[in-house]
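Residue numbers start at 1 and run along the sequence shown. Any value given below was found using the heavy atoms of this structure, including those in side chains, with hydrogens, waters and symmetry copies removed.
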Amino acid sequence: MKTFLQSFYVKLSAIFLILLLIMGIAQIFITLNSSKSFYNQADQTMNWDLAKNMAVDFDEFLADSIDYAGIKHMIHYMMVINPNIEIYLLDDNGKILAFFAEPHKKLQAETVRLEPVKSFVEGSRPTPILGDDPRHSGREKVFSAAVVRINKNIDGYLYIIIGSEQFDTVAETIWGSFVTETLILGLLLSSTATAIIGLILFALLTQRLRVMTDVVRDFEKGKLNERIPVTKNDEISHLAYSFNKLADTIVANMDELKKTDQIRRELVANISHDLRNPIASIKGYLETIQLKDDTLDRAERLKYINATLQISLLLENLIEQLFELSKLDAHQSQPQLEPFSVTDLLQDVIMKFKPLAEKKNIHLETELPESLPQAYAEIGLIERALSNLIDNALQYTAENGTIKIEIKHVNQEICVRVSDTGCGIREEELPLIFDRFYRVEKSRARTTGGAGLGLAITKKILDIHKSSISVESQVNVGTTFSFILHSWQPAQT
Ligand code: ADP
């Protein structure tokens, strides 16, 4: 119950009902005022000439001296005929000279302000022009007035209040019932109808918010597939759409995090494996030397030391590669780009591998174009990528094989291909060879190949250069790796 009272629906409904009440009161106030003003205006306009027409009948009582009795009689007579009016005779200062009232009723004022009377006589508009009501000081009413001559030389006024006290009493009774019956009842009915319709509409509108809240709560509790239905094109639907997108992003990020975590676990497991084995071997060799110190001859001792050295070199290489990968991971998007000649770089790399190739009797071939634009990349990293590919080709190609490095200029880009006539890679292994620690030789024997990081490093290098590497291979025929380097456009510096 408490939560219901605090709900958005209840707050919205309360504001709506308060506004409805204020509007209703304002409506009554405006209707009453405007209808009164309309009524006054119509009354005064209809009776505009009333005083002028009546003034003629008073002339005979004012010609020589003021005949108060005659005037009073005439006023009484006229007020009986028309109970809607009150008649006063005023002198030129606004003092009331004659009027008719019930014996027990007294006037509250003895004078009437002449400004409105004069402006009426002069014919000023707009109506209604309001004048003093002598029976209620401070109250103003519509009137009709006309000039009368008193004693032939003084200007007096016949001042007729329209809407007499008697009329007011009757009108107030009728008005009271009109207000209660018509206005308040009508307003009550229309407000109730509006309130019911409004509350139903608010309930429908907030229903969608309730659905949204439920979905968000479920999502928070772990139901990650929950989404808000988006059926319309309004602000609430936009909010729902934004939440759905946010939820998608959160889920994608969580998947990504899980994947990264999985990779990290595998990485740690692989590193542990790759470190434990060589360290155990080194330990074994050193223990043998220690235990058999007296019996080992020089040749045997040298054999164990060489084996230890060999494993240490492999370890050193592994640690170097790991370090390099972590460096590449940390500075993913900022290679230090510079223009350089790929042909020159290739010559240097080939010089480095020539002795090993000659030793294995492998033929190292190059195919270069006559002219080639400069590449725009980090030269040290590209040298590393190229070296990894040639190193692999040398490792997996048997004696008398051939390794060919081709460079081509294709569509403003430089295409590098390293192909060999080696053992090749099975088709199902091809998508995996760029993964960290993936080696086709599952035994992880140290006799062939490295730790399975070379191609992962090469791919990473090309990734951060916004390029990619592809591989084609056929078992016992050979393997070709190709990648693209962006050429240098002078405007890039
Ligand atoms: P490694 O250090 O073991 O060579 P790489 O990441 O460089 O690791 O290569 C991953 C695997 O891909 C290797 O174990 C090897 O089986 C295969 N491979 C790479 N290059 C070649 C190639 N030129 N010919 C045949 N197999 C290759």
A.B. asks: Within a radius of less than 6.0 Å around CG of N411, do more than 12 heavy atoms belonging to other residues, nucleotides or ligands occur?
C.D. replies: no
A.B. asks: Hey, what do you get for OG (S144) to CG (L158), rounding to the nearest 0.5 Å?
C.D. replies: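 Answer rounded to 0.5 Å: 8.0 Å.
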A.B. asks: Would you call D261 and R265 a salt bridge, using N to O less than 4.0 angstrom?
C.D. replies: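 Salt bridge present between D261 and R265.
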A.B. asks: What is the distance from atom OG of S387 to atom CG of L345, rounded to the nearest 0.5 Å?
C.D. replies: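 Rounded to the nearest 0.5 Å, the OG-CG separation comes out at 7.5 Å.
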A.B. asks: Is it true that E324 and R384 make a salt bridge, defined as a side-chain N closer than 4.0 Å to a carboxylate O?
C.D. replies: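 Between R384 and E324 there is a salt bridge, with a charged N closer than 4.0 Å to a carboxylate O.
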A.B. asks: Considering residues, nucleotides and ligands other than H73, do more than 12 of their heavy atoms fall under 6.0 Å from its NE2?
C.D. replies: no
A.B. asks: Please lay out, stage by stage, how R208 and D234 fare under the test salt bridge (charged side-chain N to carboxylate O under 4.0 Å, His left out).
C.D. replies: CA-CA 12 Å; R208 290 168 62 204; D234 54 11; 2.8 Å; yes
A.B. asks: List the steps and the verdict of side chain to side chain contact (heavy atoms under 4.5 Å, CB included) for K11 and F16.
C.D. replies: CA-CA 9 Å; K11 283 177 190 159; F16 172 64; over 6 Å; no
A.B. asks: Which heavy-atom pair separates A375 from L485 by the least distance, and what is that distance?
C.D. replies: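 Smallest interatomic distance, heavy atoms only, reads CB-CD1, 4.2 Å.
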A.B. asks: Rounded to the nearest 0.5 Å, what separates atom OG in S482 from atom CZ in R417?
C.D. replies: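 It comes to 4.5 Å.
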A.B. asks: Between Y376 and P339, which heavy-atom pair has the shortest distance, and what is it?
C.D. replies: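 Closest pair (atom of Y376, atom of P339, distance): CD1-N, 3.7 Å.
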A.B. asks: Any side-chain heavy-atom pair from I407 and C415 closer than 4.5 angstrom?
C.D. replies: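 Counting from C-beta outward, I407 and C415 never come under 4.5 Å.
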A.B. asks: Write down the atom of I85, the atom of I160, and the distance for their closest heavy-atom approach.
C.D. replies: CB-CG2, 3.7 Å
A.B. asks: Under a 4.5 Å cut-off applied to non-hydrogen side-chain atoms, are E406 and V416 in contact?
C.D. replies: no
A.B. asks: Does D344 offer a backbone N or O that forms a donor-acceptor pair with the side chain of S341 under 3.5 Å?
C.D. replies: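 Checked: pair present.
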A.B. asks: Any donor-acceptor pair under 3.5 Å linking the side chain of S419 with the backbone of T480?
C.D. replies: no
A.B. asks: Whether D463 and K459 form a salt bridge (side-chain N of Lys/Arg under 4.0 Å from carboxylate O of Asp/Glu) is what I want to check.
C.D. replies: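 Salt bridge flag = yes for D463 with K459.
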A.B. asks: For the CD1 atom of I382 and the NE2 atom of H465, what is their distance to the nearest 0.5 Å?
C.D. replies: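 Reported value, rounded in 0.5 Å steps: 4.0 Å.
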A.B. asks: Could you check if a side-chain atom of F219 sits within less than 4.5 angstrom of a side-chain atom of N225, using non-hydrogen atoms only?
C.D. replies: no
A.B. asks: Any idea which heavy atoms bring A385 and I461 closest together, and the distance?
C.D. replies: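 Distance-wise, the nearest heavy atoms are N-CD1, 4.1 Å.
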A.B. asks: Is a salt bridge present between D155 and R149, judged by a nitrogen-to-oxygen distance below 4.0 Å?
C.D. replies: yes
A.B. asks: Stepwise, does the side chain to side chain contact (heavy atoms under 4.5 Å, CB included) test hold for D248 with R227?
C.D. replies: CA-CA 9 Å; D248 289 345; R227 294 292 180 275; 2.9 Å; yes
A.B. asks: Let me see the working for Y9 and F202 under ring pair (Phe, Tyr, Trp, His ring centres under 6.0 Å), right down to the final yes or no.
C.D. replies: CA-CA 7 Å; Y9 172 68; F202 283 161; 7.2 Å; no
A.B. asks: Show the numbers, then the answer: is there a side chain to side chain contact (heavy atoms under 4.5 Å, CB included) between F99 and E86?
C.D. replies: CA-CA 8 Å; F99 68 98; E86 284 163 9; over 6 Å; no
A.B. asks: Side chains of S487 and Q489: donor-acceptor distance under 3.5 Å anywhere?
C.D. replies: yes
A.B. asks: Mind running side chain to side chain donor-acceptor pair (under 3.5 Å) on R426 and S473 for me, showing each step along the way?
C.D. replies: CA-CA 7 Å; R426 287 204 310 276; S473 187; over 6 Å; no
A.B. asks: Measure across F143 and I162 and return the closest heavy-atom pair with its distance rounded to 0.1 Å.
C.D. replies: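 Scanning both residues completely, I find the closest heavy atoms to be C-CD1, 3.7 Å.
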A.B. asks: Does a side-chain heavy-atom distance below 4.5 Å link T479 with E472?
C.D. replies: no
A.B. asks: Report the distance from atom CG of L90 to atom OG1 of T111, rounding to the nearest 0.5 Å.
C.D. replies: 9.0 Å
A.B. asks: To the nearest 0.5 Å, tell me how far L455 CG sits from F434 CZ.
C.D. replies: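 That separation rounds to 5.5 Å.
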A.B. asks: Would you mind checking if R139 and D132 are paired as a salt bridge, meaning a charged N to carboxylate O distance below 4.0 Å?
C.D. replies: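 Between R139 and D132 there is no salt bridge, as every charged N stays at least 4.0 Å from the carboxylate O atoms.
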A.B. asks: Within the supplied structure, the quantity of interest is the number of heavy atoms (other residues, nucleotides, ligands) at a distance under 6.0 Å from E235 CD; does it exceed 12?
C.D. replies: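 No, because the 6.0 Å sphere around CD of E235 holds 12 heavy atoms or fewer from other groups.
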A.B. asks: Any heavy-atom pair between the side chains of L89 and L62 that's under 4.5 Å?
C.D. replies: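 SC-SC contact between L62 and L89 confirmed.
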A.B. asks: Should the pair D67-K72 be classified as a salt bridge under the 4.0 Å nitrogen-to-oxygen rule?
C.D. replies: no
A.B. asks: Between V230 and H238, is the side chain to side chain contact (heavy atoms under 4.5 Å, CB included) condition met? List the steps.
C.D. replies: CA-CA 8 Å; V230 180; H238 291 172; over 6 Å; no
A.B. asks: Is any side-chain heavy atom of R113 less than 4.5 Å from a side-chain heavy atom of E140?
C.D. replies: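 Side chain of R113 against side chain of E140, heavy atoms only: contact under 4.5 Å found.
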A.B. asks: Which heavy atom of G454 sits nearest a heavy atom of N388, and at what distance?
C.D. replies: O-ND2, 3.0 Å
A.B. asks: Between D218 and K223, is there a donor-acceptor pair closer than 3.5 Å when you use the side chain of the first and the backbone of the second?
C.D. replies: no
A.B. asks: Is it the case that the side chains of H136 and Q108 hold a donor-acceptor pair, with the cut-off being a distance below 3.5 Å and no angle test?
C.D. replies: no
A.B. asks: Could you tell me if the side chain of H409 sits less than 4.5 Å from the side chain of L372, heavy atoms only?
C.D. replies: yes
A.B. asks: Are any side-chain N or O atoms of D91 and backbone N or O atoms of N93, one a donor and one an acceptor, separated by less than 3.5 Å?
C.D. replies: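 Yes, D91 side chain to N93 backbone: donor-acceptor pair under 3.5 Å.
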A.B. asks: Out of I469, L453, L381, which residue meets the side chain to side chain contact (heavy atoms under 4.5 Å, CB included) rule with T458?
C.D. replies: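 Going through the options one by one, the only one that passes is I469.
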A.B. asks: Between W48 and F120, does the ring centroid distance fall short of 6.0 Å?
C.D. replies: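 Distance test on ring centres: under 6.0 Å, yes.
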A.B. asks: Could you tell me if the side chain of L337 sits less than 4.5 Å from the side chain of W488, heavy atoms only?
C.D. replies: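 No. Closest side-chain heavy atoms not under 4.5 Å.
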A.B. asks: May I have the step-by-step check of side chain to side chain donor-acceptor pair (under 3.5 Å) for Y88 and R135, ending in yes or no?
C.D. replies: CA-CA 11 Å; Y88 302 89; R135 290 179 200 232; 2.9 Å; yes
